[in-house]
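Working notes, structure below.
Note that the structure is predicted; figures quoted are calculated from it, not measured.
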Amino acid sequence: MITVFTPTYNRGYILGELYQSLLNQTCFDFEWLIVDDGSTDNTEELVKNWLDNGKFAVRYCKKANGGKPSAINCGLQLAKGEYFWIIDSDDTATKDGVQTCLKWIASLPQGEKFAGVGGLRGDKKGGIIGTTFSGEYVDVTTLERAKHNIGGDKSEVFLTSVIKQFPFPEFKGEKFVPEALVWNRIAKAGYKIRWFNEIVHITEYLEDGMTKNVDSNLIRNWQGYSLYVKELLAGPAPVKDKFLIGGAYCLRGIKKLCKKY
């Protein structure tokens, strides 16, 4: 039913925590698909030991290093699940994460344009990452999140057939594109997400992770970042958000020039 997808690069030191969280699931109606983006550590040896775990299918693909967007595009072509859930190599799933996602997937109304469901991310102390709404769920697009206080990182589980229609742009010499670029494109096509108020995904922002190094990642991958900003400013986002994002883009542009010269 679900492809749990993990792009990874030299994360052998922590990938086992995600594997253990999947072994502890209350429901095993999923496959775990790992795309190794050219790791030079012991990732491949680790995964080979996990292939015959007796609970769920583990599939492994190693490719030349190209960055997370190319890894996701590769994963989408290989996925066998009806739904596609990205869990990064430094994250874990809650014990009932898969079961909870399937419960909300089953609640989706027939005949309406839904891209999937979205749950909460939490930290290791049990707190919620970002902000959320009151009540059990809301049905809105990604571009309407701000109106409903859906702030910060969330955990989206997309229909594989939908997300396949919106591959991540890849730029020569760059290895990163904000994921929100694609989520916004899905929203512009009219697809809603059923956002629910349950934690299914535990996130830890490591020192070598993309979130901790957001400025340097965006500056190094300027074409992808510029495309994200351009499309957001041309869309229906609130004026306040456009001002903040445009201002941040200008500041990073100054940093980029300073670094160059």
Compare all side-chain heavy atoms of Glu136 with those of Phe196 and state whether any distance is below 4.5 angstrom. no
Please check if any side-chain donor atom of Tyr205 sits under 3.5 Å from a side-chain acceptor atom of Asp153, or the reverse. yes
To the nearest 0.5 Å, what is the distance between OH (Tyr19) and CG (Asn24)? 10.5 Å
Indicate yes or no for a side-chain donor-acceptor contact from Thr3 to the backbone of Phe84 under 3.5 Å, with no hydrogens or angles considered. no
Does the side chain of Ile202 come within less than 4.5 Å of Thr94's, by heavy atoms? yes
Is there a path of hydrophobic side-chain contacts, each under 4.5 Å between heavy atoms, that joins Ile34 and Leu51? yes
How about Ser89 and Tyr9: does a side-chain donor come under 3.5 Å of a side-chain acceptor? no
Please tell me whether Ile86 and Ile14 are part of a single hydrophobic cluster in this structure, the criterion being side-chain heavy atoms less than 4.5 Å apart. no
Is the number of heavy atoms from other residues, nucleotides or ligands within 6.0 Å of NZ (Lys164) greater than 12? yes
Should we say atom NZ of Lys95 is surrounded by more than 12 heavy atoms from elsewhere, each under 6.0 Å from it? no
Which atom of Thr142 lies closest to which atom of Trp195, heavy atoms considered: OG1-CZ2, 4.1 Å
Tell me whether Val58 is reachable from Ile87 by hopping between hydrophobic residues (I, L, V, M, F, W, Y) whose side-chain heavy atoms are closer than 4.5 Å. yes
Exam field: side chain Asn221 to backbone Glu174, donor-acceptor pair closer than 3.5 Å: no
Side chains of Leu159 and Phe114, heavy atoms from C-beta outward: is any pair under 4.5 Å? no
Evaluate the ring planes of His201 and Trp85, with Trp represented by its six-membered ring, and classify them as parallel (under 30°), tilted (30 to 60°) or perpendicular (over 60°). perpendicular
Lys175 vs Asn65, side-chain contact (heavy atoms from CB on, under 4.5 Å): CA-CA, chis, key distance, verdict: CA-CA 9 Å; Lys175 297 182 179 180; Asn65 182 256; 2.3 Å; yes
Using 30° and 60° as the class boundaries, would you call the ring planes of Phe168 and Trp183 parallel, tilted or perpendicular? perpendicular
Note, Asn53 side chain near Leu22 side chain (heavy atom, < 4.5 Å): no
Check against side-chain contact (heavy atoms from CB on, under 4.5 Å), Phe158 and Ile193: CA-CA 9 Å; Phe158 289 101; Ile193 290 175; 3.9 Å; yes
Short side-chain to backbone donor-acceptor contact, Asn184 and Ala180, under 3.5 Å: yes
Lys256 side-chain N/O to Leu218 backbone N/O, donor-acceptor pair under 3.5 Å: no
How close do Arg121 and Lys154 get, heavy atom to heavy atom, and via which atoms? NE-O, 3.0 Å
Who passes side-chain contact (heavy atoms from CB on, under 4.5 Å) against Asn42, sequence neighbours left out? Glu45, Leu46
Between CD of Glu17 and CG of Asp90, what distance do you get to the nearest 0.5 Å? 9.5 Å
Between Phe166 and Tyr191, how do the two ring planes meet: parallel, tilted or perpendicular, split at 30° and 60°? perpendicular
In Å, rounded to the nearest 0.5 Å, how long is the span from CG of Leu102 to CG of Asp96? 11.0 Å
Rounded to the nearest 0.5 Å, what separates atom CG in Leu232 from atom CG in Leu143? 7.0 Å
From Asp37 atom CG to Lys68 atom NZ, the distance as rounded to the nearest 0.5 Å: 11.0 Å
Does Lys80 NZ have over 12 foreign heavy atoms under 6.0 Å away? no
Do the two ring centres, one from Trp222 and one from Phe171, sit under 6.0 Å apart? no
Please report the closest heavy-atom contact between Glu31 and Arg59, naming both atoms and the distance. OE1-NH1, 2.9 Å
I'd like to check Ile2 versus Asp29 (side-chain heavy atoms, cut-off strictly below 4.5 Å). Are they in contact? no
Can you tell me which residue among Lys192, Lys113, Arg194 is in a salt bridge (Lys or Arg N to Asp or Glu O under 4.0 Å) with Asp139? Arg194
Which pair of heavy atoms, one from Gly224 and one from Pro178, lies closest together, and at what distance? O-CD, 4.0 Å
Identify the heavy atoms of Cys27 and Gln99 that sit nearest to each other, and give their distance. CB-CB, 3.9 Å
Quick check: are there more than 12 heavy atoms from other residues, nucleotides or ligands sitting under 6.0 Å from CD of Glu204? yes
About how many Å separate CG of Leu233 and CG of Asp241, when rounded to the nearest 0.5 Å? 10.5 Å
In this structure, would Tyr249 and Leu181 fall into the same cluster of hydrophobic residues linked by side-chain contacts under 4.5 Å? yes
Counting only heavy atoms not in Lys103, do more than 12 fall under 6.0 Å of its NZ? yes
Side chain proximity check, Ile150 to Phe133, heavy atoms < 4.5 angstrom: yes
Report yes if some heavy atom in the side chain of Tyr228 is under 4.5 Å from a heavy atom in the side chain of Val177; otherwise report no. no
Show your working on side-chain contact (heavy atoms from CB on, under 4.5 Å) between Met1 and Ile105 and close with a plain yes or no. CA-CA 10 Å; Met1 188 69 177; Ile105 286 169; 4.0 Å; yes
Take Arg11 and Thr43, measure what side-chain contact (heavy atoms from CB on, under 4.5 Å) needs, and give me the verdict at the end. CA-CA 7 Å; Arg11 284 287 179 79; Thr43 296; 5.5 Å; no
Look only at the side chain of Lys255 and the backbone of Ser216, and say whether a donor-acceptor pair between them is shorter than 3.5 Å. no
Check whether any side-chain heavy atom of Val47 lies under 4.5 Å from a side-chain heavy atom of Asp36, and answer yes or no. no
Are the side chain of Asn197 and the backbone of Ser134 linked by a donor-acceptor contact shorter than 3.5 Å? no
How far apart are the closest heavy atoms of Gly126 and Ile199, and which atoms are they? O-CD1, 4.1 Å
Would you find more than 12 non-hydrogen atoms of other residues, nucleotides or ligands less than 6.0 Å from Tyr60 atom OH? yes
Same apolar cluster (I L V M F W Y, side chains within < 4.5 Å links), Tyr137/Leu120: no
Any chance the side chains of Glu170 and Asn73 put a donor and an acceptor closer than 3.5 Å? yes
